[in-house]
Amino acid sequence: MSNEQKEPLVVPAHIAIIMDGNGRWAKKRGLPRNAGHRQGAKTLENICDYCQKIGVRYVTIYAFSTENWKRPQEEINTIMDMLRNYLKEASKQTRRNVRLLFLGDRAPLASDIRQLMNQAEKDSAGNTGMTLCIAVNYGGRAEIVRAARSLARLAAQGDLAPDEIGEQLFSEHLYTRGIPSPDLLIRPSGELRVSNFLLWQLAYTEFVFMDVLWPDFSPLHLDQAIAQYAKRNRRFGGI
């Protein structure tokens, strides 16, 4: 028997995930796309539990983009109903000591979903374990424009001089204020793009693209992505 021991994981503090491939997973099985989203939700719960177990401090997931409104209404309704049901059971996250935050423009969402989001954030605010950031009706460009408008209003009111605006101040006007930038971005499904996700925050993030559809993504795949991350030399522009 081998005496070799498994190398310990070099765990990133913050992992961002683009949960891609739900529809293709369902199509491959002759199922409606909604079945893929439901299976993807189960995968998310499994992966979040595993991230918490191995010591990841922040997980940010791309649940619904500003572009996803172009999808068939039935599919949008399914995603929103799943979000609604998740929020109604958000007390589970409190029991797990998980803090919930929601990124994105909430205005177009149904009023009950907005209320549930606010309540989930309030109820979990004191939790000291992993923080789960869920991007809903989120777009990276829209987030940057929103921050620029906020700073422009302050400048127009005379409360801020343009020369005072720097990267730190700009970051404080993003949805992710107070959250460190992701160390690792994982995108399953074989696609090789970031799809308007966290454009400001990903400046020095390590990317891992994987040829597995999100509903099939497992803790083993996460370990493989983290193993790739651990081999990277993160110089942040230095030597």
Side-chain angles (χ1 to χ4, degrees), residues 15-54 56 58-96 98 100-104 109-110 112-113 116-117 120 130-138 182 184-198 207-228:
I15 297 177
I17 303 173
I18 299 176
M19 303 182 296
D20 194 19
N22 294 332
R24 277 171 283 169
W25 182 91
K27 184 177 180 181
K28 282 176 63 176
R29 290 160 176 77
L31 300 171
R33 289 177 60 86
N34 295 344
H37 291 300
R38 293 191 180 94
Q39 185 61 38
K42 294 177 182 178
T43 297
L44 172 60
E45 185 171 358
N46 188 29
I47 293 301
C48 285
D49 285 347
Y50 185 66
C51 283
Q52 189 174 20
K53 177 182 176 182
I54 63 176
V56 178
Y58 299 88
V59 172
T60 299
I61 61 163
Y62 208 4
F64 191 85
S65 76
T66 50
E67 291 76 31
N68 286 156
W69 294 108
K70 301 172 186 175
R71 295 189 174 189
Q73 190 60 48
E74 182 182 0
E75 183 173 345
I76 293 171
N77 292 343
T78 295
I79 294 171
M80 291 301 161
D81 283 342
M82 289 171 57
L83 174 60
R84 187 177 280 112
N85 292 334
Y86 176 84
L87 290 167
K88 288 177 179 177
E89 298 181 353
S91 59
K92 288 181 180 178
Q93 305 304 332
T94 296
R95 291 197 294 272
R96 294 169 180 164
V98 172
L100 288 174
L101 294 175
F102 296 93
L103 317 179
L109 303 176
D112 65 315
I113 289 180
L116 288 166
M117 283 179 166
M130 188 181 79
T131 295
L132 175 59
C133 303
I134 303 176
V136 181
N137 194 35
Y138 173 89
L184 170 64
L185 169 74
I186 302 172
R187 180 166 189 162
S189 84
E191 302 292 350
L192 306 176
R193 56 182 178 270
V194 297
S195 296
N196 200 20
F197 187 43
L198 301 176
F207 293 2
V208 173
F209 299 102
M210 306 185 79
D211 194 15
V212 54
L213 301 176
W214 173 248
D216 290 327
F217 195 87
S218 68
L220 177 59
H221 293 112
L222 187 68
D223 284 349
Q224 291 170 348
I226 292 174
Q228 288 191 49

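Values below: every heavy atom of this structure, side chains too, minus hydrogens, waters and symmetry copies. Keep in mind it's a predicted model, so treat the numbers as computed, not measured.
Atom OG of Ser65 sits about 8.0 Å away from atom NZ of Lys70, to the nearest 0.5 Å. Taking CG of Leu44 as the reference point, atom CZ of Phe217 lies at 11.5 Å (rounded to 0.5 Å). Atoms CE and CG, on Met117 and Leu109 in that order, are 5.0 Å from each other to the nearest 0.5 Å. A distance of 4.0 Å separates CD1 in Ile226 from CG in Leu222, rounded to the nearest 0.5 Å.
For Glu191, the salt bridge (charged side-chain N to carboxylate O under 4.0 Å, His left out) partners are Arg24, Arg193, not counting sequence neighbours. In this view, Glu89 and Lys92 satisfy the salt bridge (charged side-chain N to carboxylate O under 4.0 Å, His left out) rule, not counting sequence neighbours.
Just one of Ile17, Ile15, Leu198, Val59 meets the side chain to side chain contact (heavy atoms under 4.5 Å, CB included) condition when paired with Pro182; it is Leu198.
For the pair Ser195 (side chain) and Phe197 (backbone), a donor-acceptor distance under 3.5 Å is absent.
Counting only residues at least two apart or on different chains, no ring-ring contact (aromatic ring centres under 6.0 Å, His included) pair has a member in residues 21-45.
The nearest pair of heavy atoms linking Leu213 to Lys28 is CD1-CD, 3.9 Å. For the residue pair Ile47 and Pro219, the shortest heavy atom distance occurs at CD1-N, 3.8 Å.
Judged purely by distance below 3.5 Å, without hydrogens or angles, the side chains of Asp20 and Tyr62 never pair a donor atom with an acceptor atom.
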